[in-house]
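Below: the structure, in structure tokens.
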Amino acid sequence: MAEAPKWYDAYPKPRNTNPKAVSAKELLALFQAGATAGVDFLLIDLRRVDHEGGTIRGSINLPAQSLYPSLPVLLKICQSLPHVQQVVWYCGSSKGRGSRAAGWFSDLLEDHGINNIKSVILSGGITGWVQNGPDFVNLTEEYDERAW
């Protein structure tokens, strides 16, 4: 029996298969320096059914399974926000959905000749984020330790 197609098989493979990453500590440093998600950078939680346990403060939830057709609109939103210089993507680990989304958005930026916005993943995803301790958990909305 053939393996069922994956949700992402309906879309092109990202050309950028190894997007740059920011560590949880680097993202925490942005928050501590006064940067605000949604103003200074975009933080996108790609989880759908596994959204339990909380989300990083200021994240918007754009499930990976329905993301690809929305990328041009997301690009317009980024361009309308004068301070946004990076989009940080994450899922549970940032190894599947996170890397794929960051790659797709990076490809779109490249296709439009946009080099003042970066598309990066959160290294370790939300799992790595909450495992870093209280400073990180305190920036996790609706945190539920039972999920971790």
Side-chain angles (χ1 to χ4, degrees), residues 2-31 35-81 84-112 114-133 135-148:
E3 186 178 323
K6 306 273 193 249
W7 65 266
Y8 50 81
D9 289 337
Y11 306 111
K13 291 183 180 186
R15 295 187 308 269
N16 181 351
T17 58
N18 191 22
K20 294 192 184 286
V22 296
S23 70
K25 290 180 181 178
E26 289 170 316
L27 183 58
L28 177 64
L30 284 176
F31 282 112
T36 303
V39 176
D40 301 303
F41 61 96
L42 289 185
L43 189 55
I44 301 180
D45 185 339
L46 295 159
R47 297 173 298 155
R48 181 177 62 175
V49 296
D50 56 340
H51 198 237
E52 300 86 9
T55 190
I56 301 170
R57 183 174 300 149
S59 297
I60 56 175
N61 182 234
L62 297 175
Q65 293 80 356
S66 58
L67 175 71
Y68 189 82
S70 301
L71 289 174
V73 174
L74 183 63
L75 177 57
K76 288 178 184 176
I77 291 169
C78 289
Q79 290 176 307
S80 72
L81 298 170
V84 169
Q85 296 179 353
Q86 71 178 348
V87 178
V88 181
W89 307 89
Y90 71 91
C91 58
S93 66
S94 294
K95 293 180 181 171
R97 294 168 287 186
S99 292
R100 191 170 288 107
W104 282 332
F105 197 64
S106 180
D107 292 347
L108 185 63
L109 293 169
E110 182 181 315
D111 291 346
H112 285 84
I114 298 168
N115 55 21
N116 63 331
I117 301 171
K118 304 295 178 220
S119 179
V120 301
I121 59 169
L122 173 60
S123 183
I126 184 77
T127 303
W129 174 264
V130 298
Q131 291 175 349
N132 272 290
D135 289 340
F136 300 85
V137 169
N138 289 338
L139 286 169
T140 305
E141 295 176 347
E142 299 183 12
Y143 176 74
D144 182 354
E145 70 178 297
R146 294 171 296 182
W148 309 106

Taking atom CD of Glu141 as the centre, does the number of heavy atoms from other residues, nucleotides or ligands within less than 6.0 Å exceed 12? yes

Excluding sequence neighbours, so at least two apart, what forms ring pair (Phe, Tyr, Trp, His ring centres under 6.0 Å) with Trp104? Tyr11, Tyr68

Identify the heavy atoms of [X] and [Y] that sit nearest to each other, and give their distance.
{"X": "Ser99", "Y": "Pro19", "answer": "O-CG, 3.8 Å"}
{"X": "Val137", "Y": "Val130", "answer": "CG2-O, 3.6 Å"}
{"X": "Phe136", "Y": "Thr140", "answer": "O-OG1, 2.9 Å"}
{"X": "Asn16", "Y": "Ser106", "answer": "ND2-OG, 3.0 Å"}
{"X": "Gly53", "Y": "Ala147", "answer": "CA-CB, 3.4 Å"}
{"X": "Cys78", "Y": "Ile117", "answer": "CB-CD1, 3.8 Å"}

Aromatic contact, Phe41 with Phe31 (centres under 6.0 Å): yes

Does [X] have any salt bridge (Lys or Arg N to Asp or Glu O under 4.0 Å) partners at least two apart in sequence or in another chain, and if so, which?
{"X": "Lys76", "answer": "none"}
{"X": "Asp135", "answer": "none"}
{"X": "Glu3", "answer": "Lys6"}
{"X": "Asp111", "answer": "Arg15"}

Does [X] have any side chain to side chain donor-acceptor pair (under 3.5 Å) partners at least two apart in sequence or in another chain, and if so, which?
{"X": "Ser119", "answer": "Trp89"}
{"X": "Asp107", "answer": "none"}
{"X": "Ser23", "answer": "Glu26"}

Mind running side chain to side chain contact (heavy atoms under 4.5 Å, CB included) on Glu52 and Asp144 for me, showing each step along the way? CA-CA 8 Å; Glu52 300 86 9; Asp144 182 354; over 6 Å; no

By side-chain contact (heavy atoms from CB on, under 4.5 Å), which residues pair with [X], not counting sequence neighbours?
{"X": "Asn18", "value": "none"}
{"X": "Ser59", "value": "Leu43, Asp45, Thr55, Ile56, Tyr90"}
{"X": "Ser70", "value": "none"}
{"X": "Thr127", "value": "Gln131, Trp148"}

Heavy atoms, side chains only, cut-off 4.5 Å: are Ile44 and Leu74 in contact? yes

Would you mind reporting whether Arg100 and Leu46 have side-chain heavy atoms less than 4.5 Å apart? no

Please assess Leu81 against Leu42 for the test side chain to side chain contact (heavy atoms under 4.5 Å, CB included), listing each intermediate value before the final yes or no. CA-CA 10 Å; Leu81 298 170; Leu42 289 185; 4.2 Å; yes

Within the side chain of Lys118, is there an N or O that forms a donor-acceptor pair under 3.5 Å with the backbone of Asn115? yes

Just by modelled atom types, is the Arg47 backbone N or O under 3.5 Å from a matching donor or acceptor in the Asn61 side chain? yes

Ile114 vs Gln79, test: side chain to side chain contact (heavy atoms under 4.5 Å, CB included). Steps then yes/no. CA-CA 10 Å; Ile114 298 168; Gln79 290 176 307; 3.2 Å; yes

Apply the test side chain to side chain contact (heavy atoms under 4.5 Å, CB included) to residues Leu27 and Trp129: give CA-CA distance (whole Å), side-chain angles for both, the deciding distance (0.1 Å), then the verdict. CA-CA 9 Å; Leu27 183 58; Trp129 174 264; 3.7 Å; yes

What is the distance from atom CG of Leu71 to atom CG of Leu108, rounded to the nearest 0.5 Å? 6.0 Å

About how many Å separate NZ of Lys95 and CD1 of Ile121, when rounded to the nearest 0.5 Å? 9.5 Å

